[in-house]
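This structure is a prediction, so every number in the text was calculated from the model and none was measured. Residue numbers begin at 1 in each chain, while the letters A, B, ... track the order of the sequences.
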Amino acid sequence: MNVASVIVDVITKQTDKTFDYLIPDKWLNTIQPGMRVIVPFGPRRIQGFVTEVKKHSDIHALKEIIEPMDLVPVLTDELLQLGNWLAENTLCFKISAFQVMLPAAFKAKYGKKIKLLSRENIEILPKEIRPFFEKSETVSWEDIAKNEHITLFQKEAARGTVEVIYEVKERLKKKKVKYISPAHSIEILIEQLKLLQKNALKQKIVLAYFIDHFEPVELQKLLARLDVSQATVKSLIKKGLLTEKYVEVYRDPYKDRTFAKTVPLPLTVEQLNAVKPIHQSIEQEINRVFLLFGVTGSGKTEVYLQSIQKVLAKGKEAIVLVPEISLTPQMVKRFKGRFGDEVAVLHSGLSAGEKYDEWRKIQRGEAKVVVGARSAIFAPFKNIGIIIIDEEHETSYKQEENPRYHARDVAIERAKFHNCPVVLGSATPSLETFARAKKGVYQLLTLAKRMNNQALPAVEIIDMREELRAGNRSMFSRLLFEKLTDRLEKKEQTVLFLNKRGHSSFVICRDCGYVLNCPHCDISLTYHRFNQQMKCHYCGFETSVPTKCPECSSKHIRYFGTGTQKVEEELGKLLPEARVIRMDVDTTSRKGAHERLLDNFQRGKGDILLGTQMIAKGLDFPNITLVGVLSADTMLHLPDFRSSEKTFQLLTQVSGRAGRHKLPGEVIIQTYTPEHYSIKLAGNQDFNRFYEQEMVVRKIHKYPPFYFIVMLTVSHEQLMKVISVTGKIAEFIRARLSNNAIVLGPVASPIQRINNRYRYQCLIKYKQEQNLSQTLKAVLDHYQHDIANGLTISVDMNPYIMM
DNA sequence: AGCACGCCGACT
DNA sequence: GTCGGCGTGCTC
């Protein structure tokens, strides 16, 4: 007996285990662990992952596997194992763990249709449903559903006149291109050329081409090169002189681009000192974690590149994670420039097909280096020699939906398997990472100097309260405005940073104080000027701007807060000659828009780059000499214990954009709380002091890295349900954990309602709890039934977003 | 998740 | 006496 254990594609607790299936003899040598298969499951057919092939099963009535979906396993043994680890550590289902490791194209789509079993049956069908089978034997379920004849069809299915067919569909086809090749030897072609009719000029041209270039050629290229039509080629095929075949091709998102080849740069003493231990770890295949702590512009990338070079020389592979790569085309350029076609790129800006193709390049071993965002950590390499995580502190490495994993943790887990180093790079490491480096768990490598010994930019902190007192009510301080005009005159570039998109943050009635809120979420709507709409940034709800207050009918509506759009407008008024490029979610949502805008800026088509978060990282343009942060404290007052850390990181990152090359840079930070340590210390670019100070705060309040935390969020349409469930859960957990653990809550989430669902949460802080994971599993187990009926309980081990 | 099975109220 | 509501439990 040959049996395959399969994890099926049904996301529930009850099915979160393997199901055994017989392997039909014809697939016996094909089916292996890590492959996707189609299996019967109840009356349906669904996708599943084979986790094991064995000789025995304790289940007596086994069904057979219907067919494999892959010829080669899509998950290696290591990735299967990693899937189990993910499921265990993030408390997600195994099927979700497997699916997150693969491109979305591998997720099955399901179809359902009704088939008429025999033409003769049509006579005995009820007359309402006869017309459905007039044209074809099958009807899709959707067509039936919208005609409200479902019950009639179901009766027929039970009677046996029609059959319900469940199908598993592939999401994507491999892209194929038609190739034309000669069907005979050159000699024969030469002979045949003479035999062609005199007036078959075009055919002669084609044949002559193949005599000169005796090799397959892409049809489209052939047509373009010889300026002949498809018919010409067709007739030659018909004569048996040429053959056509389809060849699978990759959709290469970077195909139209050439990358200038770069060579390793000479390293500074500091860089050499950093590269040495990394090389050693690669050479001796020792699993180690390094923290490459280097100030902005200190040349971390070159350290990465030369470490990878070493890995490639050993015949191994490298994974490089960068925060949301579409944001840093410059990064791609550097890697492709050094390693050429060996580089695969994976990020959210690619289409599903492009991602799939890049993934397959990796799987087939055609790429040796992958540069990508979070999910690239699952690249199906078999022989990893190094994993690099750039901007290690970036919160985008944490996935905020199931499985709620952190790429850093996955990297460390994979590196253990491959006995290779992990390099975490940052100018402003997360406190957790820096604390580990200090304790010696990670090895600290420091780059304290900027390349070319360029000085860090001079930072000036402006107290906006002073500006108000001095009668300046504008969003620009006098100093910033002065410098801005100065740069315009000198034809140097400025980056203005503001972490709020839209126009104004909210709309308030001057008479009664009414604030326009989203009807589905407990959050105020944001005014977007370009389409004159109020928009909810959480559920996407949109409504027009009120002309009068919905509460008191007053016409005195005021726009409060400042967004990128409003700044753009203001700049247009104050400095009409300045060319402003605005970058935020609204201007970069279209594919390639991001890169285009940056490109324009780089080529000097803009004087001021105005943007949100997304311009804080990776910009490296020589002509930027001024960076202005319009309001440093917007994120400081969020209900999040990391808000100081995030503020410090962001300010430091943004400041790092200035003066990276020959021209010295200046930074102006505007704030209403200049005395706050995260702002003051960002001004001095003093990470170490910030670390010391923030650690004191974390210790007092029992937050990471002193404690681990788990956030449990319950949501449901009914408020009472949410409150009672969360209360019971908190009580249950409290009773099961030791006295050293702290269970806070239940409390309403900072945003009490999103999309008409109420949200309550419960925060667990702990140092070491043997029973924790077991207890949390028990909670999920206990509410299994409610979860199936619209309750959600999300458990986030190590949350990054506290809302 | 789907779906079948099964047990109580309003209809022919 | 039947149709159909959705609560319950199963899928190798």
Between the protein and nucleotides 10-12 of chain B, list every N/O to N/O distance that falls short of 3.5 Å.
none

Expected rows: protein N/O vs nucleotides 2-5 of chain B N/O, under 3.5 Å:
residue : atom : partner  : partner atom : Å
B:dG2   : OP1  : A:Arg44  : NH1          : 3.1
B:dC3   : OP1  : A:Lys112 : NZ           : 2.9
B:dC3   : OP1  : A:Tyr166 : OH           : 3.0
B:dC3   : OP2  : A:Lys112 : NZ           : 3.3

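- A distance of 15.0 Å separates CH2 of A:Trp27 from CG of A:Leu22, quoted to the nearest 0.5 Å.
- A:Ser5 and A:Thr51 form no side-chain donor-acceptor contact under 3.5 Å, judged by distance and modelled atom types alone.
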- request: Would you please test A:Val37 and A:Tyr21 for side-chain contact (heavy atoms from CB on, under 4.5 Å) and show each step?
  value: CA-CA 10 Å; A:Val37 288; A:Tyr21 289 89; over 6 Å; no
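- Sorted by first and then second residue, the ring-ring contact (aromatic ring centres under 6.0 Å, His included) pairs involving residues 88-108 of chain A (not counting sequence neighbours) are A:Phe49-A:Phe98, A:Phe106-A:Tyr356, A:Phe106-A:Trp359.
- For DNA chain C, the span of nucleotides reached by chain A at under 4.0 Å from its heavy atoms goes, 5' to 3', from C:dT8 to C:dC12.
- Contact annotation: the side chain of A:Ile742 never approaches that of A:Leu763 to less than 4.5 Å [non-hydrogen atoms, C-beta and beyond].
- A:Lys777 is linked by a salt bridge (charged side-chain N to carboxylate O under 4.0 Å, His left out) to A:Glu88, counting only residues two or more places apart in sequence or in another chain.
- Heavy atoms of A:Tyr21 sit under 4.0 angstrom from primed sugar atoms or phosphate atoms, though from no base atom.
- For residues 92-101 of chain A, the set of pairs meeting the salt bridge (Lys or Arg N to Asp or Glu O under 4.0 Å) definition, not counting sequence neighbours, is empty.
- For the contact set between residues 4-12 of chain A and DNA chain B, defined by any heavy atom under 4.0 Å, the members are A:Val10, A:Ile11, A:Thr12.
- Every residue two or more places apart in sequence or in another chain was checked for a salt bridge (charged side-chain N to carboxylate O under 4.0 Å, His left out) with A:Glu163, and none qualifies.
- Counting any heavy atom pair closer than 4.0 Å across all strands shown, A:Ser57 reaches no nucleic acid atom.
- Not counting sequence neighbours, the partners of A:Glu392 by the salt bridge (charged side-chain N to carboxylate O under 4.0 Å, His left out) test are A:Arg408.
- Among the atoms of the strands shown, only primed sugar atoms or phosphate atoms (P, OP1, OP2) are found under 4.0 Å from some heavy atom of A:His785.
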Contacts table for residues 57-75 of chain A: side-chain donor-acceptor under 3.5 angstrom, sequence neighbours left out:
residue : atom : partner : partner atom : Å
A:Ser57 : OG   : A:Asp20 : OD2          : 2.7
A:Ser57 : OG   : A:Ile59 : N            : 3.1
A:Lys63 : NZ   : A:Gly42 : O            : 3.4
A:Asp70 : OD1  : A:Arg36 : NE           : 3.2
A:Asp70 : OD1  : A:Arg36 : NH2          : 2.7
A:Asp70 : OD2  : A:Arg36 : N            : 2.9
A:Asp70 : OD2  : A:Arg36 : NE           : 3.0

Review item, side-chain donor-acceptor pairs of residues 779-791 of chain A, under 3.5 Å, at least two apart:
residue  : atom : partner  : partner atom : Å
A:Gln784 : OE1  : A:Gln14  : NE2          : 3.0
A:Asp786 : OD1  : A:Lys721 : NZ           : 2.7
A:Asn789 : ND2  : A:His785 : O            : 3.1

Can you list, pair by pair, the side-chain donor-acceptor contacts under 3.5 Å of residues 793-803 of chain A, counting residues two or more places apart and other chains?
residue  : atom : partner  : partner atom : Å
A:Asp796 : OD1  : A:Lys398 : NZ           : 2.5
A:Asp796 : OD2  : A:Lys398 : NZ           : 3.3
A:Asp796 : OD2  : A:Arg404 : NH1          : 3.4

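- Relative ring orientation between A:Phe133 and A:Phe153 is described as perpendicular, the plane-to-plane angle rising above 60° on a 0-90° scale split at 30° and 60°.
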